[in-house]
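Worth saying up front: this structure is predicted, and the values here are computed from it rather than measured.
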Amino acid sequence: MATTTVAQLKDHVDQHVTLQGWLYNSRSSGKLIFLILRDGTGLCQCVIEKGGVPDDLFEQLGRLGQESAVTVTGLCRSEARSVGGYELAVTDARIVGPATDYPITPKEHGIDFLMKNRHLHLRSQRQWCIGKVRHTVIDAIRRFFNDNGFVLVDTPIFTTIAGEGEQTLFEVDYFGRKLHLTQTGQLYLESAAMAYGKVYCFGPTFRAEKSKTRRHLTEFWMVEPEVAYTDLAGLLELGENFVSYIVERVLADNRPQLEELGADIASLEKIRPPFYRLTYTEVVDILTSDRAAKFMADQQVQFETRKAEIEQRITEIEAQDKKGGLKKWQQEKNARELIELRGELAEVDVKIENNPKHAQLAADFRWGKDLGGSDETIISMMHDKPVFVTHYPREAKAFYMRTDRTNDAVVENFDLLAPAGFGEIIGGSVREDDYGRLLGRVHDEGYAPEDYEWYLDLRKYGSVPHGGFGLGVERTVAWISGEKHIRQCIAFPRMMDKVYL
RNA sequence: UCCCCGAUAGCUCAAUCGGUAGAGCGAGCGGCUGUUAACCGCUAGGUCGUAGGUUCGAGUCCUACUCGGGGAGCCA
């Protein structure tokens, strides 16, 4: 008997096959049992008719607990009513590892409960889909660089120097010496770029920032390309081609998962070069403009309208329930809708509360400050494609960024803002290639030049214009899959004050 | 570090003005030959986060604490 996977069933129609998996859900109807089997490649409905298998097996399968490990043998047939389009008419089954009282039921659960059960939650459909998307994103990242002449260079995780800002690093005791966990491979990568021309590093990175938001993890995966002989325009082009390629690959490889996740496929299909290009100064003008004020006010009206709609619907349902005479399934449906509505109401309330604050922050924005998360969200919401923001004030940015030779006040850097409010997924810059200017910046920041001796060396021995950027994997996955929180986009997330497993 | 919200059954949530703690799911038992988070009937399941306070009476009001969620700053 051929053992196969759910994903390969399409090649085994009208054949007897064996599937090895776990019980995702089951329904029974007297003389008929439906088992939804999950095998890591997909879901398949397995039908057991009374008489089709020995009576004692029928009995056992009928009371099999959720997530029991089971192998099932039967005739594979095409079946439109079945999830995935195929089903198995079962002739035999073996219970490999029975399970009872599986904690994650096929109903709603709170995030805390799911995080405490992360080791099991990975089996759930939504997590599974996100994991598949993540896999493709990472594969596309490697493929893109490998196919475009980049050489992989693995940079150290224990590091001696800080890329940007020293207080946000995790300190580790390294045989009595203080080192940090890396927050970027960039400085190392610059030296490698002078050896290979085009390089990239890809690995976990660590930030000790005390950020408790849906966009932050303390440990996340970042890919960083670094290119010799390039300029800002070249980097922007690389960035938009790179991001477009990732999206294209996910659309090609994971359409069913995107659909299951409720991702905005239509807007993903629009992700093609060129992306929007705005300078920081233009962004400041937009933020402080009447247009932005109106945009925020319009948004607030939309939120208020939605709130009113939700409240009205809640009132309707409550009145219905009070009136009575409802069938049990109707009551249950109402209860479910109420829970959903109340959840959405809470979310809208937060938006309504935050909107004026964010509008105020934007309106009061003064040239020279770094853009805040809410400012980026506003800009990103005002555009239907990713937006590059370039030329930030020098004072607000890291010492290694190249000063714009036509305007001393700004540097040749860029952020890429994903659409629909997902915010920054790329940060990058052209690096300062002039020895004197770089040394000056090291002094300005109060850093010890001897700590940066090797980095300065790169400007002594054949310095060339060069630059690169970092792309956050979890943020990219969250944006593409339409998942609100990036903690769902890595198997075992590390957050500021919470490590579950 | 600061601001906002929350904690009630294993899970998700109700409980009107401060007046006897409820529903669905899950679990157990029974029924049903095409179910789609199946459906129908029955059963079990509670120290209302912790400690104080106000009150004839507190899940509900007040204070502190603990834990969780969201946001600001910072950032991928």
Quiz item: Taking it one step at a time, do A:K484 and A:E347 satisfy salt bridge (Lys or Arg N to Asp or Glu O under 4.0 Å)?
Solution: CA-CA 12 Å; A:K484 269 182 258 158; A:E347 239 171 74; 3.2 Å; yes
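- Nucleotide B:C17 carries a syn base; the chi torsion (O4'-C1'-N9-C4 or O4'-C1'-N1-C2) is within 90° of 0.
- The A:I111 side chain lies nearest to B:G69 when the options are B:A27, B:G69, B:C75.
- Under a 4.0 Å N-O distance rule, the pair A:K397/A:D370 qualifies as a salt bridge.
- Rounded to whole angstrom, the span from the OH atom of A:Y24 across to the P atom of B:U35 amounts to 20 Å.
- The base of B:C74 lies close enough to the side chain of A:S211 for a donor and an acceptor atom to sit less than 3.5 Å apart.
- Aromatic ring centres of A:F145 and A:F242 lie closer together than 6.0 Å.
- In this structure, NZ of A:K212 is placed 12 Å from P of B:C2, rounded to the nearest angstrom.
- Of all nucleotides listed (B:A76, B:A72, B:G70), B:A76 comes nearest to the side chain of A:H216.
- Judged by distance alone, the side chains of A:S29 and A:R27 never bring a donor and an acceptor atom under 3.5 Å apart.
- A straight line from NZ of A:K116 to P of B:A7 spans 15 Å, rounded to a whole angstrom.
- At a threshold of 4.0 Å, the pair A:R38-A:E67 counts as salt-bridged, since one of the basic side-chain nitrogens sits closer than that to a carboxylate oxygen.
- Side chain A:R27 to base B:C32: no donor-acceptor pair is found below 3.5 Å.
- Note: CD (A:E353) to P (B:C3) measures 13 Å, nearest angstrom.
- For A:L217, taking side-chain heavy atoms from C-beta onward, the closest of the listed nucleotides B:C11, B:A76, B:U33 is B:A76.
- Residue A:R77 is in base contact, counting any heavy-atom pair closer than 4.0 Å across all strands shown.
- Look at CG on A:L169: it is 12 Å from C1' on B:C75, rounded to the nearest Å.
- Proximity note for A:E376 (side chain, C-beta onward) versus B:A76, B:C75, B:G68: the nearest is B:C75.
- Using a 4.0 Å heavy-atom criterion, one finds that A:D349 contacts no nucleic acid atom at all.
- Remark: C1' of B:C32 and CZ of A:F34 are 12 Å apart, rounded to the nearest angstrom.
- Under 4.0 angstrom from either OP1 or OP2 of B:C74 there lies no side-chain N or O belonging to A:K210.
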